[in-house]
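On a predicted model such as this, the values are computed, not experimentally measured, just so you know. In this chain, numbering begins with 1 at the start of the sequence shown. Order of appearance sets the numbers: ligands from 1, and atoms from 1 within every ligand.
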Amino acid sequence: MITGSCLCGKVTYEISGKIGDIVHCHCQTCRKAHGSAFSSVSAVNDNQFTLLSKVPLGCFESSKGKNRYFCSNCGTQLYAKREGAKHIVLRLGSLDSDPQAKESCHIWVSQKATWYSINSQLPEHLEFE
Ligand SMILES: [Zn+2]
Ligand SMILES: [Zn+2]
């Protein structure tokens, strides 16, 4: 079982099975939402994701049809989801256990922060992979 939580602990979640490959997203909306150079994410099927929350999640539509969900108490970004999708895009910084997934690539490098240098062997895509 893979587990995760927000900073204040009011939101926790459990994932059964494996998560998707890890993608590092440098798009501007991820940078703003997370307040960081990039956001590391993986797809998780809806039916493998169990949310256990003591507070309602906050939600922000950062682009048409794409919502970003976060703890309404402490602001930790937890996942994003597109309308109609059968999976969430988990924000891996919220994990408490090792997801045992492999890193796959950097995306939206065209929007990368000028002050951050990518020093990895992974493929870099200017936009979405
Ligand atoms: Zn919280
Ligand atoms: Zn992004």
For Lys10, I'd like to know if atom NZ has over 12 heavy atoms of other residues, nucleotides or ligands within 6.0 Å. no
Can you give each donor-acceptor pair under 3.5 Å made by side-chain atoms of residues 69-79, sequence neighbours left out, with the distance rounded to 0.1 Å?
| unit_1 | atom_1 | unit_2 | atom_2 | d |
| --- | --- | --- | --- | --- |
| Ser72 | OG | Pro56 | O | 2.6 |
| Thr76 | OG1 | Leu7 | N | 2.9 |

Show the nearest heavy-atom pair for residues His34 and Ser39, with the distance to one decimal. NE2-OG, 3.2 Å
Take the Zn ion (ligand 2) as the centre and count protein N, O or S atoms at distances under 2.8 Å. 3
Using residues 20-33 as the side-chain source, report each donor-acceptor pair under 3.5 Å to any protein atom, sequence neighbours left out, with the distance given to one decimal.
| unit_1 | atom_1 | unit_2 | atom_2 | d |
| --- | --- | --- | --- | --- |
| Asp21 | OD2 | Lys102 | NZ | 3.0 |
| His24 | ND1 | Ser40 | OG | 2.7 |
| His24 | NE2 | Glu103 | OE1 | 2.7 |
| His26 | NE2 | His106 | ND1 | 2.9 |
| Thr29 | OG1 | Arg68 | NH2 | 3.1 |
| Arg31 | NE | Gln111 | O | 3.1 |
| Arg31 | NH2 | Gln111 | O | 3.0 |

Distance in Å, Ser16 OG paired with Asn47 CG, rounded so as to fall on 0.5 Å steps: 7.5 Å
For Phe38 and Val109, run side chain to side chain contact (heavy atoms under 4.5 Å, CB included): C-alpha distance rounded to whole Å, both residues' side-chain angles, the deciding distance at 0.1 Å, then the answer. CA-CA 10 Å; Phe38 59 91; Val109 173; over 6 Å; no
Residue Glu61 excluded, over 12 heavy atoms near CD under 6.0 Å: yes
Run the side chain to side chain contact (heavy atoms under 4.5 Å, CB included) check on Ile107 and Glu127 step by step: do they pass? CA-CA 6 Å; Ile107 62 169; Glu127 296 188 352; over 6 Å; no
Would a single hydrophobic cluster contain both Phe49 and Ile19, if residues Ile, Leu, Val, Met, Phe, Trp and Tyr are joined by side-chain heavy-atom contacts under 4.5 Å? yes
Have a look around the Zn ion (ligand 1) and list protein N/O/S atoms under 2.8 Å, or say none. Cys6 SG, Cys8 SG, Cys71 SG, Cys74 SG
